[in-house]
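Notes to accompany the following structure.
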Amino acid sequence: MSAVLPAGPMAGAVEETTIAPAPDWWQSAVIYEVYPRSFADGDGDGVGDLAGLTARLPYIAALGVDGIWMTPFQPSPQVDQGYDVTDYCGVDPLFGTMEQFESLLAQAHALGLRILLDVVPNHCSSEHPLFRAALAASPGSPERGMFHFVQGRDGQTPPNNWQSVFGGRAWSRANPDSATDLDWYLHLFSAGQPDWNWRNPAVGDYFDGVLRFWFDKGVDGLRIDVAHALFKADGLPDSPSEGGVVDGLRSNPQVSDQEDVHEVYRRWRTIAEKYEPHRLLVGEVNLEPARAARYTRADEMQQAFAFAFVKLGWDPEAWAAVGNELEAARLEHGAAPTWALENHDIVRSVTRFGGGELGGVRARAALVALLGLPGAAYIYQGQELGLPEVEVPVEARVDPMWARGGVCRDGARVPLPWTENAALSHGFSLGEPAAEPWLPQPADWGSHAIELQEQDQDSALNLTKAALELRRQLWKNEVFTADDGGSWRVEAGNLLICKRNEHFLVAVAMGTEPVRLPAGTVLLTAAPLEQDGWLQPNNAAWVLR
Ligand code: NOJ
């Protein structure tokens, strides 16, 4: 790794730029995703919690990120590890108490870290009191009107052919033993996650209250789960595509991306802007760039993850094509892309990019590239360590997607290794005696430990910190501005270039031979340059021109 800090070469560049308007904090932000179950376990029960996260906040602050997105810790039977909520305004005792959350929030703010929570508006838990009330009520009742209860076609067959994202059909009988109650309820995910009926205004009112509850507490923003699927096509028509909603909801206009959903985000943006500073809305909008960008129009969410980018392999043409598509969408709708390479649902980038040493080198290059792109970025816990996907033994798997016949997401969720020594699950548990972690750590997990990487100048962790520090400097010196856009191309030898503005470009060598870098000052590389002006395969550079 090499990082040239920006004093000299940037001075000239700064003189030539016009002064950009101060960006809203989220435009330049890098947010660190914490999956609380797997981050740090304060009470030694083998499941990460709020106490563990609070104790480890200084680690996150030292990375140099701007904030944390916490995946759900609200009361839940944990059928889908918290994405099945029974009380949107509470804290599950598994993770701690509301007082602990308030203390976490205060301590994070004192360290300069913003806190985003996950809100899950597409579905709740089948144990949610309103769903329990709906089950107990009769067909056609107002209670059932909060969800999608529909009579089956002939008492035996569900109302339509939709398949669950997790596998199997998207419908379950409300009352399988009843001869008179022939209703089925819709669940795009597991049977434990009934979908809310957003065509019922009472559902929208309910969620307004949820937003206000957390914003009043001082929470800085919300990540919106399955944000594009709240409204289903009127009449719930059959899906023309075989397999129903599978394929990340992308292929099915019956189920998702309905026009009505945008009204929800206009309403939420109005709520978010009643607070100072304005609260951030970031959407999980699993759609192609042109459609996803419509969720970030000026009066909707500020950010939507660039999902077309999240899943890319090591393919420069695909990166450039997606990059240019995202840029076209930005020009049309006005919001910069929100970059991520990993999250708790997808295979770790080290493994996606080839695994082993090669995958590790590429994942470092990809992260360096990501942090130089125009727009906000999200890093998933463990990505800064270069963690690979873990092959979790079949008997230890808990992911409901796996149980329903889909892929298994547990391999990206294994508790973090803090220490080389295996005691206390590699330091994951802070309390003694420590129970086995909820997902087993593999034998070599200690070799990725944070304590080792902190001591190693060339570690993935220190590279991430250097990139984040340099990124901050570039924003401060207005080499990076909120108006930047990405112009992507592939040069001979599979050199991927993203030109951010007149002064700055990101280059990634994605071929098999060294390639000549465009002229300029190299500010940062993912691995040391072997020859001036040349980038070795699988290395990335930030170039100031
Ligand atoms: C997306 C979440 O990230 C994932 O973990 C969850 O299973 C589904 N939405 C359903 O809530």
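Whatever order the structure lists them in is the order used to number ligands and atoms, beginning at 1. Hydrogens, waters and symmetry mates play no part in the numbers below; they use all other heavy atoms, side chains included.
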*Any idea which residues sit under 4.0 Å from ligand 1, heavy-atom distances?*
D80, Y83, H123, F166, F189, R223, D225, V226, E284, H344, D345, R409, R413
*asked:* Taking the cut-offs as 6.0 angstrom to the six-membered ring centre and 45 degrees off its axis, would you call R169 and W162 a cation-pi pair?
replied: no
*Could you tell me whether F309 and W339 have their ring centroids closer than 6.0 angstrom?*
yes
*Does H262 offer a backbone N or O that forms a donor-acceptor pair with the side chain of R297 under 3.5 Å?*
no
*Between W171 and N160, does any side-chain donor sit less than 3.5 Å from a side-chain acceptor?*
yes
*Would R173 and D183 pass as an ion pair if we require N to O under 4.0 Å?*
no
_Pairwise side chain to side chain donor-acceptor pair (under 3.5 Å) hits with a residue in residues 39-52, at least two apart_ = D41-S429
